[in-house]
K.L.:
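Got a structure here, written out as structure tokens. Questions coming.
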Amino acid sequence: MDDRLDFGRRQADMTARWYENVKATHGDVDAYIRTRHAAYMDRWKEAGRFIADNSKVLDIGGRNLFPQLLDYFKSRGLTYSYPDIDPAAVDSSRALADQAGLTNASFAYCFNDKLDFPDASFDAVFSSHCIEH
């Protein structure tokens, strides 16, 4: 089996078990997710101090997006590109962005070490909790 595909499957399996693990270790999954979303928003807002409005941003390994984050992207006029290794995360994030009306976004399933973008395609690159995977 191809090691890259095996890695991708293991990452997707880990994500699928994530909710069960959170429930077992923290109890209230919704409260835990709200806390994580707030922390993630803080990271984006800190990074956003260095990103001009209407910039083209690459978010490597963006995981599952959420409405408040999409509203932030829209309010800043960001052109948002999102590659991720987990097809379910890509599909759910794309659907949520479509539902939120984030029209200047693209979503792709791919490994983060082989990104097929021309040089100088983005004004900024963001990645949080990705490199350790």
K.L.:
How about D116: does its CG atom have over 12 heavy atoms from other parts shown lying under 6.0 Å from it?
P.N.:
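No, not enclosed.
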K.L.:
Does anything in residues 59-98 form a ring-ring contact (aromatic ring centres under 6.0 Å, His included)? List the pairs, not counting sequence neighbours.
P.N.:
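For residues 59-98: H37-F66, W44-F73, F73-Y80, Y82-F107.
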K.L.:
Treating Ile, Leu, Val, Met, Phe, Trp and Tyr as nodes and any side-chain heavy-atom pair under 4.5 angstrom as an edge, say whether F126 and L115 lie in one connected cluster.
P.N.:
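The answer is no; the residues belong to distinct hydrophobic clusters.
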K.L.:
Would L102 and V90 show up in the same hydrophobic cluster when neighbours are defined by side-chain heavy atoms closer than 4.5 Å?
P.N.:
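Yes, one cluster joins them.
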K.L.:
Any chance you could measure I60, atom CD1, to F111, atom CZ, to the nearest 0.5 Å?
P.N.:
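Here the interatomic distance stands at 14.5 Å.
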K.L.:
Once rounded to the nearest 0.5 Å, what's the spacing between atom CD1 of I51 and atom NZ of K45?
P.N.:
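It is 13.5 Å, given to the nearest 0.5 Å.
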K.L.:
Is R10 salt-bridged to D6, cutoff N-O under 4.0 Å?
P.N.:
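Looking at R10 and D6, the cut-off is met.
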K.L.:
Please identify each residue that fulfils side chain to side chain donor-acceptor pair (under 3.5 Å) with S92, with sequence neighbours left out.
P.N.:
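Per chain and number, S92 pairs via side chain to side chain donor-acceptor pair (under 3.5 Å) with N64.
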K.L.:
If we only count heavy atoms from C-beta on, is the R36 to I33 side-chain gap below 4.5 Å?
P.N.:
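A side-chain contact under 4.5 Å is absent here.
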K.L.:
Can you sort out the partners of S106 under side chain to side chain donor-acceptor pair (under 3.5 Å), two or more places apart, ordered by chain and number?
P.N.:
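Partners of S106 by the side chain to side chain donor-acceptor pair (under 3.5 Å) criterion, ordered by chain and then number, come out as S81.
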K.L.:
Between L69 and F122, is there a shared hydrophobic cluster once you connect ILVMFWY residues whose side-chain heavy atoms come closer than 4.5 Å?
P.N.:
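L69 and F122: separate clusters.
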K.L.:
Give, for atom CG of L65 and atom CG of D59, the distance between the pair rounded to the nearest 0.5 Å.
P.N.:
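Rounded to the nearest 0.5 Å, the CG-CG separation comes to 7.0 Å.
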K.L.:
Closer than 4.0 angstrom, basic N to acidic O: yes or no for D91 and R94?
P.N.:
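Between R94 and D91 there is a salt bridge, with a charged N closer than 4.0 Å to a carboxylate O.
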K.L.:
Grab the two heavy atoms, one from L70 and one from A100, that are nearest each other, plus how far apart they are.
P.N.:
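Heavy-atom minimum between the residues: CD1-CB, 4.0 Å.
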K.L.:
Which heavy atom of D28 sits nearest to which heavy atom of A31, and what is that distance?
P.N.:
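Shortest heavy-atom contact: OD1-N, 3.1 Å.
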K.L.:
To the nearest 0.5 Å, tell me how far T35 OG1 sits from D30 CG.
P.N.:
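So the gap between those two atoms works out to 11.0 Å.
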K.L.:
Working to the nearest 0.5 angstrom, can you tell me the gap between M41 CE and R43 CZ?
P.N.:
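Here the interatomic distance stands at 11.0 Å.
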K.L.:
Please report the interatomic distance OG1(T79) to CG(N54), rounded to the nearest 0.5 Å.
P.N.:
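Answer rounded to 0.5 Å: 7.5 Å.
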